[in-house]
Amino acid sequence: MRLMKKGCLLRSTEKGQIGWTAGFWIFLFWGILLCSLLQMEIFRSSAQYLEDALAASNLAAAIIDVEEYGVSHRIQIEDVYTARLRCIAAMKANLGLDANWECTNQSLISGPVHMVNFTVYNVDEENVEVYSFDENGVMYSGTGTLGSVRAPNGVMVESTGIYSEIVYRVKGFPGIETDAHKGKLVDIVMCE
């Protein structure tokens, strides 16, 4: 009984052909792995850079009432509107953003930056006053108790502080762009 048709016969392989094919696939696997690791390192370093820039911008916005601190030793941010404007100005300077909120150095941020949240937490003994601005600049306020208020990044609010969050575009290895979010809470405390 003949099971093979004419033209479908198995050809014999040359010596070393399987080795070349296996070597090619191993080389391709390692190439893709190294490119992925390099891309993850670029994302990690840009996230660290942006976290530091957010922390510096939040600290620039920390305008405390010195007279209130001198009398009651309470740290309060009285003018939340001015604090937000100072944070925006500091963020533009720290990230090197132009008037359109685009980074002049496109290697870390490949599109415009949007501040989607700016929140001031004023802690007074057991109460927390929350002043939150959305991406359109609309302010919402509320109160909570110490130990129950968390920032949007999940960190418990323990003292007066400022939280800000941005959304920005990053470019990946094969040219794919995606949105990235970064938020940072900075506590304002006085060292004695």
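For this chain, numbers begin at 1 and follow the sequence in order.
Results of the side-chain contact (heavy atoms from CB on, under 4.5 Å) test with Tyr121 over Ile162, Ile77, Val130 single out Val130 as the only residue that passes.
Closest non-hydrogen pair, Ala61 versus Ala83, comes out as CB-O, 3.0 Å. Summarising the geometry of Asn94 relative to Ala53, their closest heavy-atom pair is ND2-O, 3.5 Å, with the distance given to 0.1 Å. Closest non-hydrogen pair, Ile75 versus Ile188, comes out as CD1-O, 3.5 Å. The nearest pair of heavy atoms linking Gln76 to Thr160 is NE2-OG1, 4.4 Å. In plain terms, the two heavy atoms of Arg86 and Ile63 that are nearest each other are CD-CD1, 3.1 Å. Residue Ala90 comes nearest to Ala60 through the heavy atom pair CB-CB, 3.7 Å, listed as atom of the first residue, atom of the second, then distance.
Linking Ile, Leu, Val, Met, Phe, Trp and Tyr whenever their side-chain heavy atoms come within less than 4.5 Å leaves Trp101 and Val116 in two separate clusters. Under the 4.5 Å side-chain contact rule for hydrophobic residues, Leu54 and Phe43 share a cluster. Cluster annotation: Tyr163 is not connected to Met115 through the hydrophobic network of ILVMFWY side chains, with a link wherever side-chain heavy atoms come within less than 4.5 Å. A continuous path of hydrophobic side-chain contacts links Ile32 to Phe24 [ILVMFWY only; heavy atoms under 4.5 Å]. In the hydrophobic clustering of this structure, Leu59 does not group with Leu97; members are Ile, Leu, Val, Met, Phe, Trp, Tyr whose side-chain heavy atoms approach within less than 4.5 Å, directly or through other members.
Once rounded to the nearest 0.5 Å, the distance linking OG of Ser159 with CG of Leu185 reads 8.0 Å. Distance check: Gln39 CD to Cys35 SG gives 9.0 Å after rounding to the nearest 0.5 Å. Remark: Ile166 CD1 to Tyr168 OH distance equals 6.5 Å, nearest 0.5 Å. In this structure, Phe118 CZ and Ile88 CD1 are separated by 8.0 Å, a value rounded to the nearest 0.5 Å. Glu41 CD to Ser46 OG: the interatomic distance, rounded to the nearest 0.5 Å, is 10.0 Å. Taken from CG in Asp124 to CG in Asn122, the straight-line distance is 8.5 Å, to the nearest 0.5 Å.
Using a 4.0 Å cut-off between charged nitrogen and carboxylate oxygen, Glu165 and Lys182 do not count as a salt-bridge pair.
Proximity of Glu102 to Val113: side-chain heavy atoms (C-beta onward) are nowhere separated by under 4.5 Å. Considering only heavy atoms from C-beta on, Asp179 comes within 4.5 Å of Arg169 through its side chain. Within the 4.5 Å cutoff, the side chain of Pro152 has heavy atoms near those of the Asn117 side chain.
Applying the side-chain hydrogen bond (donor to acceptor under 3.5 Å, both in side chains) test to every pair with at least one member in residues 138-149, sequence neighbours left out, gives these pairs: Thr145-Ser148.
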Practice prompt. Determine, step by step, whether Trp25 and Thr21 satisfy the side chain to side chain contact (heavy atoms under 4.5 Å, CB included) criterion, reporting the C-alpha distance in whole Å, the side-chain angles of both residues, the deciding distance to 0.1 Å, and the verdict.
Written response: CA-CA 6 Å; Trp25 287 109; Thr21 305; 3.8 Å; yes
Item to complete: Mind running side chain to side chain contact (heavy atoms under 4.5 Å, CB included) on Asn58 and Cys87 for me, showing each step along the way?
Response: CA-CA 6 Å; Asn58 290 350; Cys87 183; 3.6 Å; yes
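Side-chain atoms of Glu51 and Tyr49 include no donor-acceptor pair closer than 3.5 Å. Side-chain contact, Asp134 with Ser132: no donor N or O sits under 3.5 Å from an acceptor N or O.
Although no hydrogens or angles enter the test, the distance criterion places a donor-acceptor pair under 3.5 Å between the side chain of Asp98 and the main chain of Asn100.
Note that Arg84 lies in the cation-pi zone of Phe133, set by a 6.0 Å cut-off to the ring centre and a 45° limit from the axis.
Residue Met40 places its CE atom among 12 or fewer non-hydrogen atoms of other residues, nucleotides or ligands, all under 6.0 Å distant. Annotation: Glu125, atom CD; neighbour count of heavy atoms from other residues, nucleotides and ligands within 6.0 Å does not exceed 12.
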